[in-house]
There are 2 protein chains.
Amino acid sequence: MCDALSDDDLGVLAKAAQRMTISPGKVFIEEGDPANYFYNINEGMVRVFKALPDGRRHITGFMGAGQFLGLAISGHCAFSAEAMEEVHLCRFSRATLNQVFADFPALERRLLNIAAHELTVAHEQMLLLARKSAVERVSSYLLNLVMQLDACAEGKLPSSKLILKLPISRADLADYLGLTIETVSRSFAQLKRNGLIEFSNAHAVTLLNPQRLELVANAKS
Amino acid sequence: MCDALSDDDLGVLAKAAQRMTISPGKVFIEEGDPANYFYNINEGMVRVFKALPDGRRHITGFMGAGQFLGLAISGHCAFSAEAMEEVHLCRFSRATLNQVFADFPALERRLLNIAAHELTVAHEQMLLLARKSAVERVSSYLLNLVMQLDACAEGKLPSSKLILKLPISRADLADYLGLTIETVSRSFAQLKRNGLIEFSNAHAVTLLNPQRLELVANAKS
DNA sequence: CGGCGGTTTTGATTTATATCAAGGCTTTCC
DNA sequence: GGAAAGCCTTGATATAAATCAAAACCGCCG
């Protein structure tokens, strides 16, 4: 988060933060609880989700080092968050956050940019959930992985094959894509049959033709 | 948008804006176009949507008087927007917007709050799209209407029946809820059979028991 | 008033995905 | 190294929603 600030500023900011370690599996933000804190992740992956009373759940996203949590502006948390492994983060109380904003306007600007970006990601995901088929969803996920990992400038996809490590379980992927575990698995199988991917093992996939995969993901053919 | 500003400031701001009128049906923001402007709606309803090349589409939201459009921070519009009726709005170029931010930090704060709120709404909608049944989706929509219109403080639902005007067509509702027109219609029919709603005509519905409807919408029973 | 275009409802059928149920792989840990 | 526990895949069946099709309703304009 600290990219927006000078080193001096960073020092001041650090004093306002509480460093914390969260153990794997721990739900450290609970939907509906009073939203008293704001978090910045230093290390480790976090699952952000919402659930219905009967247990159905949706993972709205995964967050890692450098990312923020807790932008919620109403008094209550709009989602839950769970550590997927050991997580190190900084916690700011809402009061000190306001103080920090006053001292570093640049931070507020940056948060606005981040929020705007998250909003476009959310809209894209809504289109996926509302209108894409299972195979399209899975393809879209793979493509998003490529974009993130390769930091492909401006959506330029590699034209040759590339190996991808799947960082999450089938269960998490299902909850993220609005599918079941079985449907995710069958969608992978179909992509394999169609010569678009190959597995070395369940968590290492080779995209044989990223560009063709993109056509599938976005219904361009 | 101007709640955050003093009257004096408002005057200055007004000079930076271009007033425009959009005719019904006009798509005045096109997904993928360079994002040069920022809009504030004065009057009339707008449909915000994303589409796939083959025509499937998802309406991410409806915006009316007082609301903002164009928070997109990347260089390109993340969605399209279409006037549902005659729309009056103010348009700011991105350059002047930055100027305005510099002059009125309060505005930036307010936009951050708005973005955070939109983000929680988006997350709620993702849960709906990913995990709710058709009847649950339609019920959720009705409930959201009540909340907005009645301005029910903190989710307090009326305990007695109330009449609601449905402001959009079945087609729009389907595209908003990730369903088809027919399924929306059948879901209404089912709610009617279950004694939860009643229609005077296709666009005027009576919620016979809002609290029970809420149980259906959120799978609490 | 009566026909016409568009919207909504209702019905029959199909289909994609969920659910139920095994079976196969990995990893772990004794 | 082998058993146990989790994942993941595959198969059979069920089901919710989509699709296809037609009828009912509604507002509009002649």
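Chain letters run A, B, ... following the sequence lines, proteins first, then strands; residues in each count from 1.
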How many Å lie between [atom1] on [X] and [atom2] on [N], as a whole number?
| X | N | atom1 | atom2 | answer |
| --- | --- | --- | --- | --- |
| Leu166(B) | dT8(C) | CG | C1' | 12 Å |
| Arg170(B) | dT8(C) | CZ | C1' | 7 Å |
| Leu179(A) | dT9(D) | CG | C1' | 16 Å |
| Asp172(A) | dC8(D) | CG | C1' | 14 Å |
| Leu173(B) | dT8(C) | CG | P | 10 Å |
| His203(B) | dC26(D) | NE2 | P | 11 Å |

Inset, instruction - Enter the inter-axis angle for the ends of the helix from dC1(C)-dG30(D) to dC30(C)-dG1(D) (five pairs per end, rounded to 10°). - result: 30°

Can you see whether [X] engages [Y] through a side-chain donor-acceptor pair at a distance of less than 3.5 angstrom?
| X | Y | answer |
| --- | --- | --- |
| Asn144(B) | Gln148(B) | no |
| Glu86(A) | His88(A) | yes |
| Ser140(B) | Lys132(B) | yes |

Legend entry - Criterion salt bridge (charged side-chain N to carboxylate O under 4.0 Å, His left out) on Arg56(A) and Glu136(B), from CA distance to verdict: CA-CA 13 Å; Arg56(A) 279 175 284 173; Glu136(B) 289 164 353; 2.8 Å; yes

Inset, instruction - Would you confirm whether Asn40(A), through its side chain, and Gln67(A), through its main-chain N or O, come within 3.5 Å as a donor-acceptor pair? - result: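 Between the backbone of Gln67(A) and the side chain of Asn40(A) there is a qualifying donor-acceptor contact (under 3.5 Å).
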
Inset, instruction - May I ask you to check whether Tyr176(B) and Phe49(B) place their ring centres under 6.0 Å from each other? - result: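 Aromatic pair excluded; centres sit 6.0 Å or further apart.
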
Inset, instruction - Would you mind telling me which residue lines up with the more 5' stretch of DNA chain C, Gly178(A) or Ser200(A), judged by nearest nucleotide? - result: Gly178(A)

Inset, instruction - Can you spot which of Tyr39(B), Tyr37(B), Phe79(B) makes a ring-ring contact (aromatic ring centres under 6.0 Å, His included) with Phe28(B)? - result: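 Per the ring-ring contact (aromatic ring centres under 6.0 Å, His included) rule, the option paired with Phe28(B) is Tyr39(B), out of Tyr39(B), Tyr37(B), Phe79(B).
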
Inset, instruction - Output the residues of residues 125-143 of chain B in contact with DNA chain D, where contact means a heavy atom of the residue under 4.0 Å from an atom of the strand; sort by number or write none. - result: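 Ser133(B), Ala134(B) - these, ordered by number, are the residues of the stretch whose heavy atoms sit under 4.0 Å from the strand.
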
Check this for me: does any side-chain nitrogen of one of [X] and [Y] sit under 4.0 Å from a carboxylate oxygen of the other?
| X | Y | result |
| --- | --- | --- |
| Asp172(B) | Arg57(B) | yes |
| Lys192(B) | Glu198(B) | no |
| Lys26(B) | Glu82(B) | no |
| Asp175(B) | Arg131(A) | yes |

Inset, instruction - Output the residues of residues 180-193 of chain A in contact with DNA chain C, where contact means a heavy atom of the residue under 4.0 Å from an atom of the strand; sort by number or write none. - result: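 Heavy-atom cutoff 4.0 Å gives Thr180(A), Glu182(A), Thr183(A), Arg186(A).
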
